[in-house]
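Working notes for the structure below.
Residue numbering restarts at 1 for every chain, and letters A, B, ... go by the order of the sequence lines.
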Amino acid sequence: MDEQPRLMHSHAGVGMAGHPGLPQHMQEGTGGADGDGRKQDIGDILQQIMTITDQSLDEAQARKHALNCHRMKPALFNVLCEIKEKTVLSIRGAQEEEPPDAQLMRLDNMLLAEGVSGPEKGGGSAAAAAAAAASGGAGADNSAEHSDYRAKLAQIRQIYHTELEKYEQACNEFTTHVMNLLREQSRTRPISPKEIERMVAIIHRKFSSIQMQLKQSTCEAVMILRSRFLDARRKRRNFNKQATEILNEYFYSHLSNPYPSEEAKEELAKKCSITVSQVSNWFGNKRIRYKKNIGKFQEEANMYAARTAVNATNVSSHGSQANSPSTPNSAGGLCNSTYIALCYMASNVLLPTMGHVCQIQKTLWQKSLHN
DNA sequence: CAATATGATTTGGG
DNA sequence: CCCAAATCATATTG
């Protein structure tokens, strides 16, 4: 487009008479400004154009150059361009639409959100962190998966960027090439700068549609990656033995009201090196599954109750059994671990009334147990 | 391989 | 948000 002045300028200064490129017989009619001379001039030109193919190559070349430098050329060129412009416009009509930007915007936004496009490292780690938060996991083996995920994401990002760059470069190359070609051809064909501009726009549209495909497939790849690595359901890991023990211990020692408070959940989470929401999930699952089939869990319940009892006796030699609501006051010499275990079992199975706990929740839990 | 166990998610109510 | 319940999808077991 900035070539326009140059293009025009090259013809603007073309003189009439005495131009070194003009063959002798062409100058004959150019001296006078009368109408006859002009007609003669045009006829001459037409004649030359019509017969140019009959001439030898060198001669034709020289003739072409001469015609190109003729004073009529710019005017003729402009007229032809104008005609062409009108024809093209009438043919293409209202084909200038740009609606499919929504799709592109969506893809761009997603790529940006996933850290594929946008800033190099910061975006990536931010996305990974967001993903971590989304998955709700921060466990020990989770970080390994994250690094794996991040590596894969980085790979995708790299491919995306190389491809994008490649496209960009190809687009630029192609554009320059076409522009040069058109400019070159504008010496022999009526190609206006405006048309070149339009052609460039068409090329860019084409390439951006190719880019969109790249973005689309990148998005797909990221989605697949996400579902593979971040959908925890697909990568479900059982908690380790110790964590399960701790959770079960709490559950069965609070069987009459197995609803840990927020603080208790936090502590359990810390002890089991899982998240609080995992603790919540665990208790939710446990409650519903326990209730559904108490018989199935009886053995487990007894085991944990006994273990808790043993621990209690081992830790405190005497007295501090506030946890046991049914400690007999005449326990004197019977206070051995077996007895306490039995007490725990009885208390858990029979669900005795216990004091200071959330009465409503406890009632609900107990009521639902009896269904 | 089928059956069962299990952690996570979805749905629906409060 | 909490929860119960149903459901999903994987892990483990027999």
Any side-chain heavy-atom pair of S280(A) and K265(A) under 4.5 Å: yes
Qualifying residues under side chain to side chain contact (heavy atoms under 4.5 Å, CB included), relative to T53(A), sequence neighbours excluded: none
Side chain to side chain donor-acceptor pair (under 3.5 Å) against N240(A), all qualifying residues, sequence neighbours excluded: none
Short side-chain N/O contact to dA8(B) OP1/OP2 from N281(A), under 4.0 Å: yes
Short side-chain N/O contact to dA8(B) OP1/OP2 from Q278(A), under 4.0 Å: yes
Close side-chain approach of V276(A) and E262(A), heavy atoms under 4.5 Å: yes
Hydrophobic cluster partners of I83(A) (side-chain heavy atoms under 4.5 Å): V79(A)
Listed partners of K270(A) passing side chain to side chain donor-acceptor pair (under 3.5 Å), at least two apart: none
Between dG7(B) (P) and L247(A) (CG): distance, integer Å: 8 Å
Trace of the ring pair (Phe, Tyr, Trp, His ring centres under 6.0 Å) decision for F283(A) with Y250(A): CA-CA 10 Å; F283(A) 273 90; Y250(A) 188 98; 5.6 Å; yes
Length of the line joining N248(A):CG and dG7(B):C1', which is rounded to integer Å: 14 Å
Under-3.5 Å N/O pairs linking protein and nucleotides 1-5 of chain C:
{"from": "dC3(C)", "atom 1": "OP2", "to": "K265(A)", "atom 2": "NZ", "distance (Å)": "3.2"}
{"from": "dA4(C)", "atom 1": "OP1", "to": "Y259(A)", "atom 2": "OH", "distance (Å)": "2.4"}
{"from": "dA4(C)", "atom 1": "OP1", "to": "R287(A)", "atom 2": "NE", "distance (Å)": "3.4"}
{"from": "dA4(C)", "atom 1": "OP2", "to": "R287(A)", "atom 2": "NE", "distance (Å)": "2.9"}
{"from": "dA4(C)", "atom 1": "OP2", "to": "R287(A)", "atom 2": "NH2", "distance (Å)": "2.9"}
{"from": "dA5(C)", "atom 1": "OP1", "to": "K291(A)", "atom 2": "NZ", "distance (Å)": "3.2"}
{"from": "dA5(C)", "atom 1": "OP2", "to": "K291(A)", "atom 2": "NZ", "distance (Å)": "2.3"}

Strictly under 3.5 Å: I want the nitrogen or oxygen pairs between protein and nucleotides 3-6 of chain B, one per line.
{"from": "dT6(B)", "atom 1": "O2", "to": "R236(A)", "atom 2": "NE", "distance (Å)": "2.9"}
{"from": "dT6(B)", "atom 1": "O2", "to": "R236(A)", "atom 2": "NH1", "distance (Å)": "3.3"}
{"from": "dT6(B)", "atom 1": "O2", "to": "R236(A)", "atom 2": "NH2", "distance (Å)": "3.0"}

Residues N285(A) and R287(A): side-chain donor-acceptor under 3.5 angstrom: no
